[in-house]
Amino acid sequence: MPAPSNTTRSTGHGAVTVPTPFRASHTLSSILDLVTGSMLRRVASASSRASRFRGLSKTRKDGWAPLFAPSRRWSDMNTAGFVSQPRTRAFTTDIEHHSLLTNHPKRHEVASVLHARPWQRIACPSLISSITTTQKYPVLVDGVSCPMASMVDPKLSYDNDYNHLKALCEHFIVTPPPHGTTFFTHALGPLFVRWERHTEVCSYTFTMELPKDMTQQNTELLKLPFDEKNVVVAVLPKPWLKSFPGGVVSATHVVLKQGDDKERWSTYSSEIGNSDASASGKETTSASTLLTRVKPLFNHSELITGSEIDRGRFRVYSDWRVHGDGFGRIVMDHNPNDARAFVSSAAGKAAQRMIELDKYRMLSLMGLPFAQALSKTVDTLNEEVMQVMDAIGTAEREGMVLEGDTGDERGHKTQIKNRAINQRLLLSRLTALAATAQKLSAVAHDRFAASAAYAELVNDRVGFLAMDKINAVPGMASFLSSAIRPGSRTCLAVQKRLDKLANSAHLTANIMQTSLTVEQHAQSNENLNQLKATSMTQLTMQHNVEGLSTVALTYYSIGVLGYLTKAAAGTVGLPVSPEVALGASIPLVWVAVSAAVRRMKQAAMAEGGGH
């Protein structure tokens, strides 16, 4: 007798599993009876459970539900966190329930950083195109072109990028994101767009997945993935591509496809299921044959680099050149022996990191041409500072000679005056050099700091990708390091030279300013001594004038008194002769005149604030 089994039937209320033995005697009517009986039993059981929990689920007047009582059925829950709907990748918080905890104002903002820009899942095979633009243009600073230094209104810059994205969404009849968004992902017809806005740049990444069942058309497409009619951007409207706000910093085409199992792939027995696939004696491809297969995709470029990434899960190739269409090219081959899960997630991470690697290496090297041009300016400024310092030394030696020369006083003063004028001219020239060096240092510091940050991002991406070498193929990590590390060191060296120049000019200006200050103080002391001598002479002359004035006033007073005495002697008579009376009155008149003059002097000095 055959073993019994279960049969699943679909009804209006759902799928019902009915135990039925495999016997030919079962007819359609008996099967329906079994199904109906099972359904009735399920309905009765559900009704019994509902009646038992009906009393428990009632809420008390104090607002608390009884213990073990379900407040609502699962099917009735309509909160954002617990909804009976298909699962989505986005996470939403429960807005109906309020936490009893007092959160820090920045808690949710900081917690959302890790989920702000999730990885994109990309199926294999796929075509990807990425475009990165900036609205910062080069600016001439004292004859040196500084890249990405123009001051752009942040609000205007964002509005330009947002309006450009909005125009793309309207073209594909898609609702654009709200204003203020800095990250946006959505399907646009056959494409999937990923829009990211950063401090200095704005990036678009377009992905088009190809069907896994490789038709002849898809096979031909993967043979020429970078052809003008096959790339992803061919689907985008050309007027929109021509109207990017700002200039393009980086643009890359990426093709993700399945690798050739005839090639020698690295194996990791603990992670890649079929660890013996490459060691089983299959035909393997040599390095020369491998490059011969890849070179047509890069227009037969002389240098093509390649690496295995993600512990041998993918192989990537690129020549790191800008081709005639304005795009760079990256080829990603998936290991055919890879048995690990989450291939689309791994491919999305690897593709995005490769795109970021190309983007950040361009941004990190933006400071190199500026550093090379600035190095020549630093040499010129250094030479001018040395000339000024030599002139200052010569002026100081001439000053020492002038201090020891006590010959012609008039010529000595003229030489001192000319020396002061020359020193002021040198100080003005030195101040101008210091200001120029300081301005260049401020501009260069911002650009070189950004370049150093981007270089660190490149190193991080290389570390995240876990790049390994492919035999006889130039490695990507060493190739990128050979350009980025010297460039970063050049920027750092120029920045140090510029800072040293600014400090030297500033220090020399301070020394010269101190010398001029000391000389001015000495000249002021000399002027004060001369003024003091002049004041003493004026005081002596003033005392002499006061004495002469007292004598003159006494003389005139005695003359007036003589007339009075003679008149009195002729009319009334005097006991003594007028001459005796005048002679006796002279001391009295002198004392009176002196007292009057002293009182007038004190009153005048008190009125003028003197002592």
Non-neighbouring partners of [X] that pass side-chain hydrogen bond (donor to acceptor under 3.5 Å, both in side chains), sequence neighbours left out:
| X | answer |
| --- | --- |
| Ser203 | Thr132, Lys359 |
| Ser145 | none |
| His198 | Arg117 |
| Gln372 | none |

Suppose we screen for side chain to side chain contact (heavy atoms under 4.5 Å, CB included). Which residues come up paired with [X], at least two apart in sequence or across chains?
| X | value |
| --- | --- |
| Lys155 | Asp153, Asp159 |
| Asp333 | Lys257, Trp265, Arg293, Arg315, Tyr317, Val331 |
| Thr436 | Asp142, Leu381, Leu440 |

**Q.** Those residues that, when tested against Asp446, pass salt bridge (Lys or Arg N to Asp or Glu O under 4.0 Å) (two or more places apart)
**A.**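 None.
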Tell me every residue that passes ring pair (Phe, Tyr, Trp, His ring centres under 6.0 Å) with [X], counting only those two or more places apart in sequence or in another chain.
| X | value |
| --- | --- |
| Phe370 | Phe448 |
| Phe244 | His164, Tyr204, Trp240 |
| His179 | Tyr158, Tyr162 |

(Q) Going by side chain to side chain donor-acceptor pair (under 3.5 Å), name the pairs with one or both residues in residues 181-193, residues two or more places apart or in two chains. (A)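 Sorted pair list comes back empty.
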